[in-house]
Amino acid sequence: ANLQNRSKYPIIKLSSKIDLAIPIHFPEEENLAHASFHILFSVLTIDQILKIYTAVLCEEHVVFVSEKMNRMTMCIMGIVSLLKAFDPIATIILPVLPHQERFLDFFDSPCPYIVGTTIPNNRYDMLVNLDKKTITEKTKCPQLPGYNELKEKIQTIFKKEMDVIKVPPKRIQNPKGEMIPNPEYVKFFAESDPYIAPYHFSLLVDSKYLIPSSICDEILNVFKNHLPRMLEEPIKLCLVTDATDRTNPITVFNKDIFFSQIPKKDDEFFQRFMQTQIWDVFCDSLATEV
């Protein structure tokens, strides 16, 4: 393989013709993103991804449906990678739930979940049909704070890198009007980073984009620096410690102070978000820093 960015990987010379490249160790969310973003962003629009991201933050029951299990599992992995800054410990993640009678009761679980299945059902808060590229909501989610800003930052990355990530068409028309294989299509995958996905696998999977790991990391950083960073200072200002019992001080969160700091239009989202364990865990992590 033509290894790109050779400086990123330890190279071991096995022979005059064979190089062994050992990838460096990445954090979990980067491993998930590098393997899945090319499918997630090829199948779903940025608006759809942000809508799913918001539903998961609100700990809804989110069900992904597709006849193609690879597409389904990759999209779920991609969404999960975006959540790492919040550590959704209460959310059950099952990329594939067998469609058998003994497993169907799982959909009635009171716990929040992200589940993949090959056959749709009616037990969900949000249903993401990857084959039809549609989202059906039983419970409408409030808009994510800073939605337009977040969307614009992702769009800017795609516009800037479009020449690098856009997959050429498989077939093109020759001067005679005949459809022939596009040599640029094969060349694009042959020259791509082999650590995104194996060369032959990439050729078989119908993707709109093939996103190098460096660009995946840019997208992850946009999410990490959005809502988590937006909340960090306001939450810390609302953490009040009662030290009446000096041996057992108690830190509590003052909602009134928090809502006095945020725009009124974001009230609905935070009223929902504050009812989740994701919020509790995030606040607890900030409380330990105060």
Side-chain angles (χ1 to χ4, degrees), residues 27 29 33 40 44-62 78-91 93 110-114 124-126 128 135 137-158 217-244 249-290:
E29 70 273 16
L40 177 67
L44 299 170
T45 66
I46 294 173
D47 283 309
Q48 288 175 320
I49 291 169
L50 293 182
K51 182 176 284 191
I52 298 166
Y53 174 71
T54 306
V56 176
L57 286 180
C58 291
E59 293 190 340
E60 293 195 349
H61 292 162
V62 180
I79 292 294
V80 170
S81 72
L82 300 177
L83 300 165
K84 191 61 181 177
F86 285 112
D87 195 13
I89 58 173
T91 302
I93 300 165
C111 299
Y113 57 69
I114 309 171
Y124 58 81
D125 294 319
M126 174 179 283
V128 184
I135 294 178
E137 294 179 271
K138 284 187 178 177
T139 306
K140 185 171 178 58
C141 271
Q143 190 172 71
L144 187 72
Y147 180 95
N148 291 331
E149 178 189 356
L150 178 57
K151 179 181 176 181
E152 185 178 345
K153 286 180 178 178
I154 300 169
Q155 287 176 325
T156 298
I157 293 172
F158 273 77
D217 293 344
E218 278 191 67
I219 296 169
L220 285 175
N221 286 330
V222 166
F223 278 87
K224 287 178 185 176
N225 292 318
H226 183 65
L227 191 58
R229 187 63 57 85
M230 184 191 302
L231 289 174
E232 190 171 326
E233 194 59 32
I235 289 176
K236 286 182 177 179
L237 291 173
C238 299
L239 295 171
V240 181
T241 301
D242 180 357
T244 305
I250 299 172
T251 301
V252 295
F253 175 81
N254 190 308
K255 284 187 179 182
D256 294 334
I257 297 176
F258 179 80
F259 279 104
S260 70
Q261 298 179 76
I262 65 169
K264 195 70 178 173
K265 61 184 175 60
D266 295 332
D267 279 7
E268 185 183 356
F269 172 83
F270 285 113
Q271 291 288 359
R272 287 278 298 277
F273 193 33
M274 283 182 182
Q275 298 174 30
T276 68
Q277 274 198 281
I278 293 176
W279 169 271
D280 290 341
V281 171
F282 188 67
C283 287
D284 288 344
S285 68
L286 294 178
T288 60
E289 300 175 11
V290 176

**Gln277 backbone acceptor or donor facing Glu59 side chain under 3.5 Å** = yes
**Item:** His226 side chain vs Asn221 backbone, donor-acceptor pair below 3.5 Å
**Value:**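 Not at all, since once roles are kept as given, no pair shorter than 3.5 Å links the two residues.
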**Message:** The test is ring pair (Phe, Tyr, Trp, His ring centres under 6.0 Å); show your working for Phe259 and Phe270 and say whether it passes.
**Reply:** CA-CA 9 Å; Phe259 279 104; Phe270 285 113; 7.0 Å; no
**All side chain to side chain donor-acceptor pair (under 3.5 Å) counterparts of Asn225, not counting sequence neighbours** =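 Asn225: side chain to side chain donor-acceptor pair (under 3.5 Å) contacts with Arg229.
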**Message:** Suppose we screen for side chain to side chain donor-acceptor pair (under 3.5 Å). Which residues come up paired with Glu149, at least two apart in sequence or across chains?
**Reply:**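 In terms of side chain to side chain donor-acceptor pair (under 3.5 Å), with neighbours along the sequence ignored, Glu149 is linked to Lys153.
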**Message:** For Phe223, give me all partners under ring pair (Phe, Tyr, Trp, His ring centres under 6.0 Å), at least two apart in sequence or on another chain.
**Reply:**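 Only Tyr53 meet the ring pair (Phe, Tyr, Trp, His ring centres under 6.0 Å) criterion with Phe223.
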**Request:** Can you sort out the partners of Lys51 under side chain to side chain contact (heavy atoms under 4.5 Å, CB included), two or more places apart, ordered by chain and number?
**Result:** Met126, Ile135, Glu137
**Request:** Output all residues satisfying side chain to side chain contact (heavy atoms under 4.5 Å, CB included) with Cys283, sequence neighbours left out; order by chain, then residue number.
**Result:**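 In terms of side chain to side chain contact (heavy atoms under 4.5 Å, CB included), with neighbours along the sequence ignored, Cys283 is linked to Ile235, Trp279.
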**Request:** Establish, yes or no, whether a centroid distance under 6.0 Å links the rings of Phe86 and Phe273.
**Result:**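 That pair passes the under 6.0 Å test.
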**Message:** Check for me whether the distance between the ring centres of Tyr113 and His61 falls short of 6.0 Å.
**Reply:**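 Yes, the ring of Tyr113 comes within the 6.0 Å limit of the ring of His61, centre to centre.
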**Prompt:** Say you draw a straight line from CG of Leu231 to CD of Gln261; how long is it, rounded to the nearest 0.5 Å?
**Reply:** 10.5 Å
**Asked** Tell me, which pairs form a side-chain hydrogen bond (donor to acceptor under 3.5 Å, both in side chains) where one or both residues lie in residues 263-274, sequence neighbours left out?
**Response**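 Of all non-adjacent pairs touching residues 263-274, those that pass side-chain hydrogen bond (donor to acceptor under 3.5 Å, both in side chains) are Glu60-Arg272, Lys264-Asp267.
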**Contact summary for Leu144 and Leu57, nearest pair of heavy atoms** = CD1-CD1, 3.9 Å
